[in-house]
Amino acid sequence: MRLKDSYFYTLREDARDEDSVSGNLLVKGGFIKKTSAGVYMMLPLGLRVQAKVEEIIRKYMNEAGSQEVRMPALIAADYYEKSGRLKNFGPDLFKLKDRSGKDMVLGPTHEELFAVAAKSVIRSYKDMPVSIYQIQSKYRDEPRARFGLIRVKEFVMKDSYTFDRDEAALDVAYGKMFEAYKKIFNELGLNYRIVKADTGMMGGLLSEEFQAVTEIGEDRIVYCEGCDYSRNEEVAETVVQEVPCAEELPLQEVATPHCESIQDVCEYLHADPKNSVKALLMKADEEFVVFFIRGDREFNELKACKLLGVKEIGFADDALIATSNAVPGYTGPIGLNAKIVIDREVLAMHNFVCGANKEGFHYINANPKDLHYDVCGDIINVQEGDICPVCGKPLKFTHGIEVGNTFKLGTKYADALDLTYLDASNKAQSVWMGSYGIGLGRTIAAVVEQNNDEHGIIWPVNIAPYKVAVVPVNMKDETQKAVAEKVYQELTAAGVEVLLDDREERAGVKFNDMELIGIPYRLTVGRKAAEGILEFKDRRSGESKEFTVEEAVAFLK
RNA sequence: CGGGGAAUAGCGCAGCUUGGUAGCGCGCAUCGUUCGGGACGAUGAGGUCAUGGGUUCGAAUCCCAUUUCUCCGACCA
């Protein structure tokens, strides 16, 4: 590729709207361009990187026995109605009507259509296993797009699906896909962790996420250094640690004027928040529920929803609160006439502080025997200091970008869309499905997050848009120009992807641009061009050495 | 959804408080000098000041509405 007369640009200043290192570098380097919130153009450089990632993915998908197809993004809403996801996706789903008024959606993920496609080949148990996949654009109306390619409304995803006769066969298919995923992310050189997570709107039996480890990651992930336990924070189990107690003291009401937050109360009473219990006045679907957790804990909405079997939990409004004797700021589990859900940990506490359901008053020396509750369970996030539920060692925390996810779906979609087969005894059975996704944009962004320096991106060689940049220092120097052209031709003939920076720019501009866009190697054609000597520089290590043209071709081939 | 901030040349910004018909840096064009780490000088081109309404003799500037972008929050009892 010759840069002169090609579509290529870089920005000299940081992108104003980008809030992540990867978003900024990709925009600045001219890989992508934002068209509106959460929607990006993929420009020539970006598309080349994406194509390389696609090829790596294809290699391992094909190796795992999956065949590539391409589904439409524009889908009749009926399919999502049947699976129940028209409701479950809710506002995240892009909905539209065609000219006749028929409801359509832009596909957010394609379990439904793949199940329909599978019907064409699956009649008998002998027709399985079968697996198909696609690389295609997905649409999700995210409430808040951010972080460059990490959270967007339109994105390219590789999604594959497996179809099997029973759970044991699904386990085998899942295992194959899982291994393929490891190979893909290893080949991309990503630092990642595999964590168990919530199945969310996908439903099903199991979800495991491939999380690229980075500071900017939106997911908190929890892992144990002592064993292989790792979880997305949303589903990480807490372990109740028994605290010894010499003597349970009698309950006592104390005045705590103007202390409406746990922090205020604890400061006023000189108590440790770890020894207090706070109330969360919530609306679980339509019902008023008060949750009680230790004062220094965070509430985990997902766990609470599952515990109560409700869809949504939000803060209660004043009208709802007024149906009880709860006093915001002073709500406690003792003598409260509302539905009470209590975290398990509270039942292991002794002589703690909690609200007295009376303006300006709290209890001290409250104990589990003093309170009643309707439901008890694990409704809090794990936090620093908590221990591994498997081996008891301290848990570690980090952030991750979810670049891949694998689901054991079970028969949910097959049941909804009538995907069945006849077993050996001629009985109709539901097909067991698995679904497996990789976000291409997120993967690219994660690679950039993990591979950059103050000069720009440092692409791993296997997904770099070009392997080497040939940079003639002075385009007015005929010798340099001729040598650069010769190197370019020979490398191209040898099958090396090479970028010839034949722009009439000063050396510094070219060097900076090639570093910004992260080309792994650079061949500078300069002072020693007449002697046939080039300077070779490694973008990652910064090391440089001299090469003849032949040596350069041999090295890069 | 709730609360901030912003929208002026291709990009990044100033001007707005105190209305008087738009400016800076980069980039771009032409010429000259320069030429291995984002050169220098000279001369230029380029803007319905987001949109719609209002106030006014006069609006980028003041007022209202709308749109878009962006940040924070959606763990407070």
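We name chains A, B, ... by the order of the sequence lines, and we start the count at 1 in each one. Bear in mind the structure is a predicted one, so any value in this text is a computation, not a measurement.
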Subject >> Side-chain N or O of A/R506 closer than 4.0 Å to phosphate OP1/OP2 of B/rA39 >> reply: yes
Original post:
For atom C1', what is the distance between B/rG15 and B/rA60, given to the nearest Å?
Top reply: 8 Å
**OP:** Have a look at A/K537 and say if it touches a base, only the backbone sugar-phosphate, or nothing, with a 4.0 Å heavy-atom cut-off.
**Re:** base
Subject >> Under 4.0 angstrom between A/R12 side-chain N/O and B/rG27 OP1 or OP2 >> reply: yes
Original post:
Which part of the nucleic acid, if any, lies within contact of A/I293, taking any heavy atom under 4.0 Å across all strands shown: a base, the sugar-phosphate backbone alone, or nothing?
Top reply: nothing
Original post:
What is the nucleic acid contact for A/K510, judged by heavy atoms within less than 4.0 Å: base, sugar-phosphate only, or nothing?
Top reply: nothing
Original post:
When you check the phosphate oxygens OP1 and OP2 of B/rG36, does a side-chain N or O of A/K528 lie under 4.0 Å from one of them?
Top reply: no
Original post:
Roughly how far apart, to the nearest Å, are B/rC62 and B/rU18 at atom C1'?
Top reply: 11 Å
**OP:** Using the P atoms only, state how far B/rU48 lies from B/rC11, rounded to an integer number of Å.
**Re:** 13 Å
Original post:
Rounding to the closest angstrom, what is the interatomic distance between B/rG27 and B/rA39 at atom C1'?
Top reply: 15 Å
**OP:** Measure the distance from CD on A/E301 to P on B/rG73 and round it to the nearest whole Å.
**Re:** 16 Å
Subject >> Aromatic plane relationship, A/F536 with A/F555 - under 30° parallel, 30 to 60° tilted, over 60° perpendicular >> reply: perpendicular
**OP:** Write down the distance separating the C1' atoms in B/rA74 and B/rC13, rounded off to the nearest Å.
**Re:** 33 Å
**OP:** With heavy atoms under 4.0 Å as the rule, sort A/Y9 into base, sugar-phosphate or nothing.
**Re:** nothing
**OP:** For A/F352 and A/V346, run side-chain contact (heavy atoms from CB on, under 4.5 Å): C-alpha distance rounded to whole Å, both residues' side-chain angles, the deciding distance at 0.1 Å, then the answer.
**Re:** CA-CA 9 Å; A/F352 55 83; A/V346 173; 4.2 Å; yes
Original post:
In terms of side-chain heavy atoms of A/T10, which of B/rC69, B/rG38, B/rG36 is nearest?
Top reply: B/rG38
Subject >> Whichever of A/S36 and A/V525 has its nearest RNA chain B nucleotide further upstream toward 5' >> reply: A/V525
Original post:
Hey, does the Lys NZ or Arg CZ of A/R48 hover above the aromatic six-ring of A/Y466, less than 6.0 Å from the centre and inside 45° of the axis?
Top reply: yes
Subject >> Nucleotide of B/rA6, B/rU34, B/rG25 approaching A/E13 most closely (side-chain heavy atoms) >> reply: B/rG25
Original post:
For the side chain of A/D513, counting heavy atoms from C-beta on, which of B/rG38, B/rU70, B/rU34 is nearest?
Top reply: B/rG38
Subject >> Touch class at under 4.0 angstrom, heavy-atom based, for A/N300 against every strand present >> reply: nothing
**OP:** Check every atom of B/rG36, B/rC71, B/rG37 against the side chain of A/A507 and return the nucleotide holding the closest atom.
**Re:** B/rG36
Subject >> Proximity to the side chain of A/E515 - top-ranked nucleotide from B/rG36, B/rC28, B/rG37 >> reply: B/rG37
Subject >> Where A/L11 and A/L516 come nearest, the two heavy atoms and their spacing >> reply: O-CD2, 4.3 Å
Original post:
Using atom P of each nucleotide, how far apart are B/rA29 and B/rU21 to the nearest Å?
Top reply: 32 Å
**OP:** Answer yes or no: does a side-chain N or O of A/R16 lie under 4.0 Å from OP1 or OP2 of B/rC13?
**Re:** yes
Original post:
Quick one: which of B/rC75, B/rG36, B/rU70 gets closest to the side chain of A/N381?
Top reply: B/rC75
Original post:
Ignoring hydrogens and angles, does a donor from either the side chain of A/E505 or the base of B/rG38 sit under 3.5 Å from an acceptor on the other?
Top reply: no
Original post:
Nearest to the side chain of A/P328 - B/rG12, B/rG37, B/rA77?
Top reply: B/rA77
Original post:
What parts of residues 143-150 of chain A reach RNA chain B, counting only heavy atoms under 4.0 Å away?
Top reply: A/R144
Original post:
With a 4.0 Å cut-off on heavy atoms, is A/A279 in touch with a base, just the backbone sugar-phosphate, or nothing at all?
Top reply: base
Original post:
On the ring face of A/F511, is A/R522 found with NZ or CZ under 6.0 Å from the centre and within 45° of the axis?
Top reply: yes
**OP:** Using a heavy-atom cut-off of under 4.0 Å over every strand shown, decide if A/D477 touches base, sugar-phosphate, or nothing.
**Re:** nothing
Original post:
Thinking salt bridges, do A/K28 and A/E18 make one under a 4.0 Å N-O criterion?
Top reply: no
